[in-house]
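Reading through the structure tokens given below for one structure.
Note that the structure is a prediction, hence the values are computed from the model and not measured. All values below come from the heavy atoms of this structure, side chains included, with hydrogens, waters and symmetry mates left out. Below, read A as the first sequence line, B as the second, and so on, with proteins coming before strands; counting in each chain starts at 1.
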Number of protein chains: 2
Amino acid sequence: MIEIPDKPPEGAQKALIEAGLLLFGQKGFDATSTRELAAKAGVNLALIAYHFGGKDGLRRAVVGEVARRLMAVAGAPRSSAGLTPAAALRRLQTILRGVAAFIGSAPEAGPMVNFALTELSRGGAATELIHDCFIGPKHAELSELWAIASGADPDSEAVKLSVFAMIGQVLYFRLGREIVMRRMGWPTIGPSEAGRIGDVIAENLRLLTQGEPR
Amino acid sequence: MIEIPDKPPEGAQKALIEAGLLLFGQKGFDATSTRELAAKAGVNLALIAYHFGGKDGLRRAVVGEVARRLMAVAGAPRSSAGLTPAAALRRLQTILRGVAAFIGSAPEAGPMVNFALTELSRGGAATELIHDCFIGPKHAELSELWAIASGADPDSEAVKLSVFAMIGQVLYFRLGREIVMRRMGWPTIGPSEAGRIGDVIAENLRLLTQGEPR
DNA sequence: TGAATTTAATCAAACGATTGATTATAATTA
DNA sequence: TAATTATAATCAATCGTTTGATTAAATTCA
């Protein structure tokens, strides 16, 4: 069972969790040794077992911390009742621009996204947790906004799938970072490039929600 | 250096590469032991060193095989000269529908996509290879089609980014498979579900390329 | 108050198990 | 014959974990 700490850990625990988030995300769980973790955290090796019961306990703690941060980033769910289609679109665009900026250029986003997506694609125990406390509610909120903006039914399959597709768009710019940089001829993806990615996503959003259905 | 074999391997080599593709994709490279690989391949342990020089050599061989298969799936690049916008859109939709069907429901797609994306996100030596012989040319072809369909400049940043976003859409349905299934209430993603995903992507494609620019 | 005890945290060192790799020899195959 | 595969043993290195000792603060008790 994975639990979400209500308050951020401190001291050695915090150092180990941060080292885990970084190294697990960069190299993967199995490629990271406990000694490496301890060294990166500046902490004694035995503290992994002491605080988390073992390496896998640290993995669970990292998952919990990721979930905690994601919830903090996402913020409290805002009601979209009474929004005009234009306002709903604007809010969608703002959210996606924020996510694109964070995911594209925030230095801590890389390991976090890598770690989370690896956990998800391997179908570990993290799947349920991350779904329940982040993706589930957030997807529902985005679907509602999408429905208002486009005039469709929020519970329709097309809307729900479109929202997933929209999420996938953004995530790929982190996952395929190297490829994108190479192909675009960008030396890096900084705030400026992330902003231009956000522009394209926002424009896509407008076209997808405002276009005439056939 | 990674090389692409011009003809598919046979015998023990083939068995080992297939085991590698499966296990590396499912559990990750470092989580897979050489003994596990040999057992899954039904082959003796020493043959990994004999044929590939070691575990990492097998990894390179798997990358080469993935590149070979991707090129086979992608097929020869077709010229899009002289296409009408409507025809370009149709071809785009057909390609994406095919990719969605393969990625969404083909059983061998999971480990392959997992493996390839892990290699890409870790920025290993595979990045260059997969980019040069698959993503690069394919992205150029798709950009050309997109440009014809939408009337934009194929070399514009917006078109190139839109094509990446389009690719990201499709990939996410494999990577976030478990999440999508859970949220959609689908027990699995079979040909039927993959088809409906393809429908949404194709419709999105139409809206994105045919919508009025602002 | 002052001594005794408990508790939590940290440490260096070592443990047994597993890892990838190597070796020599035999059997098989083309 | 030459290339390939199987068998089985062994290697050094590294793995995750455990151990017993040490430290410092908190608690209890006389």
Which pairs would a plain distance check flag for residues 128-135 of chain B, meaning a side-chain donor or acceptor within less than 3.5 Å of a matching protein atom at least two apart in sequence or in another chain?
none

Measure from CG on Leu16(B) to P on dT4(D) and round the result to the nearest Å. 14 Å

Can you tell me how far P of dT14(D) sits from NZ of Lys27(A), to the nearest Å? 13 Å

Indicate every side-chain donor-acceptor pair of residues 70-80 of chain A with a distance under 3.5 Å to a residue at least two apart or in another chain.
| residue | atom | partner | partner atom | Å |
| --- | --- | --- | --- | --- |
| Ser79(A) | OG | Ala81(A) | N | 3.1 |
| Ser80(A) | OG | Glu144(A) | OE2 | 2.8 |

I need the CZ-P distance between Phe52(A) and dT18(D), as an integer number of Å. 16 Å

How would you summarise protein contacts on nucleotides 10-25 of chain C per nucleotide, using B for base, S for sugar-phosphate only and - for none, with heavy-atom distances below 4.0 Å? BBB-B----BBB-B--

Looking at residues at least two apart in the chain, or sitting in another chain, which of them share a salt bridge (charged side-chain N to carboxylate O under 4.0 Å, His left out) with Arg35(A)? none

Let me check something: any side-chain donor-acceptor pairs from residues 174-181 of chain B under 3.5 Å, sequence neighbours excluded? List them with distances.
| residue | atom | partner | partner atom | Å |
| --- | --- | --- | --- | --- |
| Arg174(B) | NE | Ile103(B) | O | 2.8 |
| Arg174(B) | NH2 | Ile103(B) | O | 2.8 |
| Arg174(B) | NH2 | Ala106(B) | O | 3.4 |
| Arg177(B) | NH2 | Gly104(B) | O | 2.6 |
| Arg177(B) | NH2 | Ile189(B) | O | 3.2 |

Keeping to residues at least two apart or across chains, list the ring-ring contact (aromatic ring centres under 6.0 Å, His included) pairs with something in residues 31-61 of chain A. none

